[in-house]
S.K.: 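The structure follows.
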Amino acid sequence: MRAVVFDFDGTLAAPTLDFGVMRRAVAEAMRPHLVPQPAPQPHPQPDASHRPYPLHGPDPAHGPDPATLPVMEWIAHVTALLEAHGRPADAAALHADAHAAIRRVEVEAAARGSLFPFTRPMLAKLAALDVSVAIVTRNCPEAVRAVFPDVDTLCPCLLTRDDVPSVKPDPDHLLRALGMLGRAPAEALMVGDHPMDIVTGQRAGTLTAGVTSGESPARALHEAGAHVVADDCAALMVHLGLTEADSEAPG
């Protein structure tokens with residue numbers, strides 16, 4: 001193993017994001033753009049193309065239930081619906097306003113955030129062992145740097161959602177990080193606290209490890225296919241033989 005790529009929230013930093021709050025903020029940001037346009041004909045007949053666009057609940061004519069989608073995929077879904085209904089300007093405005101709402105919630109949460117005590121010494125230890133490290137996150141850079149202002153000193157590669165065309169679980173997010181490190185997937189480990197991180201690693205061809213320091217229980221990480229599951233990254237490094245059990249105290 002010559003590279004370890006980490007998720008951020010729940011993996012290297014204590015989770016503070018309330019995804020219910022984020023989803024409500026996004027819904028409010030999208031709502032003004034979802035008022036149906038009047039039909040061009042003088043006496044329109046009921047037609048699916050003039051229905052209000054759903055913020056929640058299934059829309060059988062247009063694929064998945066938006067309520068089951070992660071928030072960024074939800075925005076993309078609604079944006080695509082507006083574009084399909086001939087409303088590109090509304091689609092662009094909705095996309096911009098919804099992503100601005102996400103960023104506000106992330107930055108507010110980051111003000112309450114902190115790294116786990118083991119994060120800095122662990123990253124320094126990996127560097128001393130010549131194991132390359134990277135962070136890939138769906139979070140915005142402002143939030144990550146608010147919690148981890150010295151990230152560039154300890155981690156040579158940080159790829160937030162602003163840095164890539166497609167975020168995880170698209171494997172391109174992880175593969176770009178490995179490319180920057182000069183490491184191949186077969187010699188890398190993807191570590192995260194969510195099944196999405198495990199799926200990302202599988203799609204990219206890396207080994208995968210889950211940690212229960214975030215929002216997901218061990219069972220969900222095992223079911224996603226993680227090769228190993230640990231309580232947190234400090235315990236994971238001990239399990240992998242990269243650190244000793246007594247060396248995980250904060251430093």
S.K.: With the side chain counted from C-beta on, respond yes when Leu158 and Phe148 share a heavy-atom pair under 4.5 Å apart, and no when they do not.
M.R.: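 Answer no - side chains too far apart.
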S.K.: Counting only heavy atoms not in His239, do more than 12 sit closer than 6.0 Å to its NE2 atom?
M.R.: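 No.
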S.K.: Could you check whether Arg145 pairs with Asp152 (Lys NZ or Arg NE/NH1/NH2 to Asp/Glu carboxylate O, under 4.0 Å)?
M.R.: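 So Arg145 pairs with Asp152 through a salt bridge.
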S.K.: Quick one: does Ile135's side chain get under 4.5 Å of Val144's, heavy atoms only?
M.R.: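 The answer is no, as the side chains (C-beta and beyond) never meet within the 4.5 Å cut-off.
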S.K.: Does Arg183 offer a backbone N or O that forms a donor-acceptor pair with the side chain of Arg2 under 3.5 Å?
M.R.: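 A pair under 3.5 Å: no.
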S.K.: Just how far is it from atom CG of Leu240 to atom CG of Leu207, taken to the nearest 0.5 Å?
M.R.: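 Atom-to-atom, Leu240:CG and Leu207:CG are 9.5 Å apart.
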S.K.: Please report the closest heavy-atom contact between Ala218 and Val229, naming both atoms and the distance.
M.R.: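 Where Ala218 meets Val229 most closely, the heavy atoms are CB-CG1, 4.0 Å.
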S.K.: What's the spacing between Leu115 CG and Asp150 CG if we round to 0.5 Å?
M.R.: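 Here the rounded value is 7.5 Å.
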S.K.: Using side-chain hydrogen bond (donor to acceptor under 3.5 Å, both in side chains) as the criterion, list what pairs up with Thr212, not counting sequence neighbours.
M.R.: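 Partners of Thr212 by the side-chain hydrogen bond (donor to acceptor under 3.5 Å, both in side chains) criterion come out as none, since no residue qualifies.
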S.K.: Are His95 and His99 packed together at the side-chain level, in the sense that at least one heavy-atom pair is separated by less than 4.5 angstrom?
M.R.: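 Answer yes - side chains close enough.
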S.K.: Which pair of non-hydrogen atoms, one from Thr200 and one from Pro169, has the smallest distance, and what is that distance?
M.R.: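 Taking Thr200 first and Pro169 second, the nearest heavy atoms are OG1-CA, 3.1 Å.
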S.K.: Is it true that Val199 and Val136 fall in one hydrophobic cluster, defined by side-chain heavy atoms closer than 4.5 Å?
M.R.: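 No; Val136 is not reachable from Val199 via cluster members.
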S.K.: Can you name the nearest heavy-atom pair linking His194 to Leu221, along with the distance?
M.R.: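 Answer, listing the atom of His194 first, then Leu221: C-CD2, 3.8 Å.
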S.K.: Would a distance-only check, ignoring hydrogens and angles, find a side-chain to backbone donor-acceptor pair under 3.5 Å from His85 to Leu81?
M.R.: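 It does hold such a pair.
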S.K.: Do the non-hydrogen side-chain atoms of Glu108 and Val21 ever get within less than 4.5 Å of each other?
M.R.: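 Glu108 vs Val21: side chains apart.
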S.K.: For a quick test of reading the model, state the closest non-hydrogen atom pair linking Pro70 to Arg23 and the distance between them.
M.R.: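 Looking at all heavy atoms of both residues, the shortest contact is C-NH1, 4.3 Å.
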S.K.: First locate atom CG of Leu34, then atom CG of Leu82, and finally report the distance between them rounded to the nearest 0.5 Å.
M.R.: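 So the CG of Leu34 and the CG of Leu82 are separated by 6.0 Å.
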S.K.: Tell me, do Cys233 and Thr119 make a side-chain contact under 4.5 Å, heavy atoms counted?
M.R.: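 No; the side chains remain at least 4.5 Å from each other.
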S.K.: Got a sec, which pairs hit side chain to side chain donor-acceptor pair (under 3.5 Å) with one end in residues 153-182, sequence neighbours left out?
M.R.: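 Sorted pair list: Asp7-Lys168, Arg103-Asp162, Glu106-Arg161, Thr160-Asp163, Lys168-Asp197, Asp172-Arg176.
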S.K.: Got a second to check how far Phe6's CZ is from Cys155's SG, nearest 0.5 Å?
M.R.: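 Rounded to the nearest 0.5 Å, the CZ-SG separation comes to 8.5 Å.
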S.K.: Mind checking whether Pro156 and Ser132 have side chains closer than 4.5 Å, heavy atoms only?
M.R.: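 The answer is no, as the side chains (C-beta and beyond) never meet within the 4.5 Å cut-off.
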S.K.: Do Phe19 and Met30 share a hydrophobic cluster, counting only Ile, Leu, Val, Met, Phe, Trp and Tyr and linking them when any side-chain heavy atoms are less than 4.5 Å apart?
M.R.: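 Linked within one cluster.
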S.K.: For Thr206, run the side-chain contact (heavy atoms from CB on, under 4.5 Å) check against Val191, Leu175, Leu189, Leu178 and tell me which one passes.
M.R.: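 The single option meeting the side-chain contact (heavy atoms from CB on, under 4.5 Å) with Thr206 is Leu178.
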S.K.: Measure the shortest side-chain to side-chain distance between Lys125 and Met237 over non-hydrogen atoms and say whether it is less than 4.5 angstrom.
M.R.: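 SC-SC contact between Lys125 and Met237 ruled out.
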S.K.: Between Leu129 and Leu236, is there a shared hydrophobic cluster once you connect ILVMFWY residues whose side-chain heavy atoms come closer than 4.5 Å?
M.R.: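 Leu129 clusters together with Leu236.
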S.K.: What about Val228 and Met196, same hydrophobic cluster or not, with Ile/Leu/Val/Met/Phe/Trp/Tyr joined at side-chain heavy-atom distances under 4.5 Å?
M.R.: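 No, no single cluster joins them.
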S.K.: If we ignore hydrogens and angles and just use 3.5 Å, is the side chain of Thr208 paired with the main-chain N or O of His227 as donor and acceptor?
M.R.: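 Checking the backbone N and O of His227 against the side chain of Thr208, a donor-acceptor pair under 3.5 Å is found.
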S.K.: Can you tell me how far OG1 of Thr79 sits from CG of Leu94, rounded to the nearest 0.5 angstrom?
M.R.: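 Taking CG in Leu94 and OG1 in Thr79, the distance rounds to 5.0 Å.
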S.K.: Identify the two heavy atoms, one from Ala110 and one from Ala146, that lie closest to each other, and give their separation to 0.1 Å.
M.R.: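 Here Ala110 and Ala146 meet closest at CB-CB, 4.0 Å.
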S.K.: How are the rings of Phe118 and Phe116 set to each other: parallel, tilted or perpendicular (split at 30° and 60°)?
M.R.: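 Parallel: the ring planes of Phe118 and Phe116 meet at under 30°.
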S.K.: Looking at every non-hydrogen atom in both residues, tell me the closest pair between Gly201 and Leu174 and how far apart they are.
M.R.: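 Closest heavy-atom pair between Gly201 and Leu174: CA-CD2, 3.8 Å.
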S.K.: CD/Glu223 to CD1/Ile198 distance, rounded to the nearest 0.5 angstrom?
M.R.: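 Rounded to the nearest 0.5 Å, the CD-CD1 separation comes to 12.5 Å.
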S.K.: Should Val151 and Leu181 be regarded as members of a common hydrophobic cluster, given that ILVMFWY residues are connected when their side-chain heavy atoms come within less than 4.5 Å of each other, either directly or indirectly?
M.R.: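 No, Val151 and Leu181 fall in different hydrophobic clusters.
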